[in-house]
Amino acid sequence: MESITNYGIDNYKNYGVSDKALAAARRAEEALVNVYAGIDDIVTYNELKVLDAFRSEKFSDTHMSMTSGYGYDDIGREKIENIFAKVFRAQKAYVRWQISSGTQAISAMLYGALRPGDIMLSVTGRPYDTLMATIGLSSDNNDMSLMSYGIKYEDVELKEDGSPDLDAIKAAIKPETKMVFIQKSRGYTGRRALLTDDIEKIATLVHSVREDIIVAVDNCYGEFTEKREPIEAGADVCAGSLIKNPGGGIAKTGGYIVGREDLVENAARHLTTPGLGSEVGPTLGANSMIARGLFTAPQCVGECLKAAIFAAEILSGEGYKTSPSSTEKRGDIVQTVEFGDPKKMELFCGAIQSCSPVDSFVTPVPWDMPGYDDQVIMAAGAFVQGATTELSCDGPIKPPYIAYMQGSLAKEQAKLACMLAVGG
């Protein structure tokens with residue numbers, strides 16, 4: 001039985017944790033024993049799946065060497081992409097350090113698949129803020145958006161309980177509908193993350209209406225939180241970031257696109273050029289970083305999930321509204337805490353920052369962050385800038401003042417931050 005007493009109560013007191021917070025932490029740990037065991041089961045399944053992919057591809061030290069220039073015939077890059085394809089049960093994978101964000105990977109997935117006159121139908125409401133400019137929905141109008149090229153956008157909201165509205169999705173499909181887009185994670189919303197079972201229901205419905213409709217998934221924050229990934233549930237293509245879950249806290253940059261071979265290659269052509277596609281792209285020594293990150297990813301995600309579950313348990317016990325609850329099945333690593341007050345939200349983010357290994361002495365304040373319409377506060381003392389597998393907490397400064405906590409390479413760090421937030 002995992003108990004907070006195993007970590008040394010006096011150590012936590014040295015960090016200013018009150019007796020009240022320690023008592024709350026004990027209660028939380030005792031309540032979470034079975035939940036932690038369920039996470040361990042998912043971690044074991046996914047770690048062995050990843051290991052099997054490395055073994056079946058006969059990955060070797062020679063595959064971690066460096067290429068430069070055009071990057072032709074990079075056998076290491078090829079091996080890593082084959083491993084990603086096996087792990088995600090996809091026909092093809094495109095995995096590159098040149099992709100600097102999840103938004104870039106998702107954008108390439110969209111541009112590679114959609115053509116003028118097509119309709120992109122988002123069935124999880126409007127996507128994450130940073131994708132708005134790509135689609136053409138942001139206040140920053142531009143002539144490089146999908147809509148500026150004659151691609152139409154429509155959306156369907158989720159039901160009140162956060163589940164997909166299958167009847168509304170079916171009714172919204174038109175002859176011009178080329179893609180059904182799914183955002184697995186909650187983003188900056190109060191809704192729950194979708195589960196793989198939800199994605200399967202959507203994909204099954206969509207393909208029953210028309211087999212040629214592309215089911216595309218923004219998989220950011222969702223990888224390895226369950227035993228199945230979106231491609232296994234019927235999605236045609238999905239994309240994400242290596243400084244989130246699949247980078248295992250090791251990858252310093254990068255992104256991936258996996259799925260049907262033609263869709264992945266078209267995304268690669270968008271990022272490089274037609275005629276070259278996935279054949280170019282020097283690794284410059286990044287193969288080791290990417291491969292090692294993928295191998296450690298399931299363990300890393302397990303730490304993130306346990307940190308989020310502990311936060312949900314201890315903070316809900318203090319009267320805060322948290323989502324998901326500590327016992328809910330999770331489809332991403334994001335934990336929300338609703339404060340109803342901007343000052344309380346800032347104080348919580350400050351507690352997270354103070355427990356960071358990097359910039360622990362910095363006080364986070366709201367600022368005008370590129371890609372967002374509202375000011376955002378961000379606590380992130382991370383070794384890799386923007387890496388959300390490392391403990392971070394952020395959110396837009398607008399009612400009801402929800403903080404979005406994610407990550408934690410070591411769950412003890414998140415526990416300390418939550419105990420400090422509980423206070424005396």
Side-chain angles (χ1 to χ4, degrees), residues 46 49-50 53-54 57 59 63 71 74 76-113 128 130-131 181-185 199 216-225 228-232 235-272 277-284 286-298 300-301 332-333 384 386-389:
N46 285 324
K49 178 173 68 172
V50 171
F54 275 91
E57 278 298 313
F59 191 72
H63 299 130
D74 187 323
R77 185 186 67 208
E78 181 180 326
K79 282 289 184 185
I80 288 170
E81 291 183 338
N82 288 345
I83 290 167
F84 265 79
K86 281 184 166 65
V87 168
F88 287 91
R89 308 294 194 248
Q91 290 180 2
K92 183 178 177 66
Y94 183 73
V95 186
R96 305 298 165 104
W97 70 266
Q98 289 93 344
I99 300 174
S100 59
S101 69
T103 301
Q104 186 183 1
I106 297 159
S107 176
M109 176 178 72
L110 301 179
Y111 277 102
Y128 195 69
T130 55
L131 204 58
F181 179 80
I182 301 168
Q183 180 181 293
K184 190 175 194 290
S185 181
I199 293 172
V217 179
D218 167 1
N219 205 27
C220 289
Y221 306 98
E223 301 91 346
F224 303 124
T225 57
R228 291 195 302 160
E229 297 295 330
I231 302 299
E232 297 174 80
D236 296 296
V237 63
C238 68
S241 167
L242 297 188
I243 61 169
K244 295 182 173 65
N245 301 18
I250 290 173
K252 295 179 181 178
T253 188
Y256 75 92
I257 304 161
V258 295
R260 212 172 73 197
E261 185 171 4
D262 61 319
L263 297 174
V264 174
E265 187 60 29
N266 277 351
R269 288 167 182 159
H270 172 75
L271 287 169
T272 58
S278 61
E279 296 299 318
V280 298
T283 54
L284 300 179
N287 284 344
S288 175
M289 172 189 74
I290 294 171
R292 188 180 175 193
L294 176 64
F295 182 72
T296 62
C300 179
V301 172
D332 68 5
I333 62 170
V384 176
T388 48
T389 43

Partner set under side-chain contact (heavy atoms from CB on, under 4.5 Å) for [X], not counting sequence neighbours:
X      : value
Thr103 : Ser101, Thr130, Leu131
Thr388 : Tyr221, Lys244, Ser392, Gln406
Ile250 : Met289, Arg292, Thr296
Val280 : Tyr72, Thr272, Leu276

Excluding sequence neighbours, so at least two apart, what forms salt bridge (Lys or Arg N to Asp or Glu O under 4.0 Å) with Arg228?
->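 With neighbours one apart ignored, the set is Asp197, Glu200.
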Contacts of Glu81 meeting salt bridge (Lys or Arg N to Asp or Glu O under 4.0 Å) (sequence neighbours excluded), chain-then-number -> Arg96
Please give me the minimum heavy-atom distance between [X] and [Y], naming the atom from each residue.
X      : Y      : answer
Asp74  : Arg77  : OD1-N, 2.8 Å
Gly102 : Ser241 : N-CB, 3.5 Å
Ala53  : Val87  : CB-CG2, 3.7 Å
Gly240 : Ala105 : O-CB, 3.7 Å
Ala268 : Ser278 : CB-N, 3.7 Å
Thr253 : Trp97  : CG2-O, 3.5 Å

Interatomic distance, [X] atom [atom1] to [Y] atom [atom2] [nearest 0.5 angstrom]:
X      : Y      : atom1 : atom2 : result
Asn245 : Ile333 : CG    : CD1   : 4.5 Å
Ile290 : Ile83  : CD1   : CD1   : 11.0 Å
Ile199 : Lys184 : CD1   : NZ    : 5.5 Å
Ser100 : Ile243 : OG    : CD1   : 8.5 Å
Ile80  : Tyr256 : CD1   : OH    : 15.5 Å
Leu294 : Phe88  : CG    : CZ    : 7.0 Å

Is there side-chain contact between Leu271 and Gln104, with at least one heavy-atom pair below 4.5 Å?
->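 Heavy-atom side-chain distance check passes, below 4.5 Å.
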Note, Leu263 side chain near Asp236 side chain (heavy atom, < 4.5 Å) | yes
Identify, with sequence neighbours excluded, every residue that meets side-chain hydrogen bond (donor to acceptor under 3.5 Å, both in side chains) alongside [X].
X      : value
Ser185 : Asp332
Glu229 : Asn219
Tyr128 : Tyr372
Asp218 : none

Starting from the C-alpha separation in whole Å, work towards a yes-or-no answer on side-chain contact (heavy atoms from CB on, under 4.5 Å) for Val50 and Phe224.
-> CA-CA 10 Å; Val50 171; Phe224 303 124; 4.0 Å; yes
Val95 vs Leu242, side-chain contact (heavy atoms from CB on, under 4.5 Å): CA-CA, chis, key distance, verdict = CA-CA 9 Å; Val95 186; Leu242 297 188; 4.0 Å; yes
Quick one: does Lys79's side chain have a donor or acceptor within less than 3.5 Å of a partner on Glu57's backbone?
->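 Yes; at least one donor-acceptor contact below 3.5 Å.
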Return yes if some donor-acceptor pair links the side-chain N/O of Gln91 with the main-chain N/O of Glu261 below 3.5 Å, else return no.
-> yes
Apply side-chain contact (heavy atoms from CB on, under 4.5 Å) to the pair Val237 and Ile257, showing each step before the final yes or no.
-> CA-CA 7 Å; Val237 63; Ile257 304 161; 3.8 Å; yes
For Lys49, does the NZ atom sit with more than 12 other heavy atoms under 6.0 Å from it, leaving out its own atoms?
-> yes
Centroid-centroid distance, Tyr94 to Phe84, less than 6.0 Å =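 Ring centres of Phe84 and Tyr94 not closer than 6.0 Å.
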Residues that Tyr111 engages under ring-ring contact (aromatic ring centres under 6.0 Å, His included), provided they are two or more places apart | His270
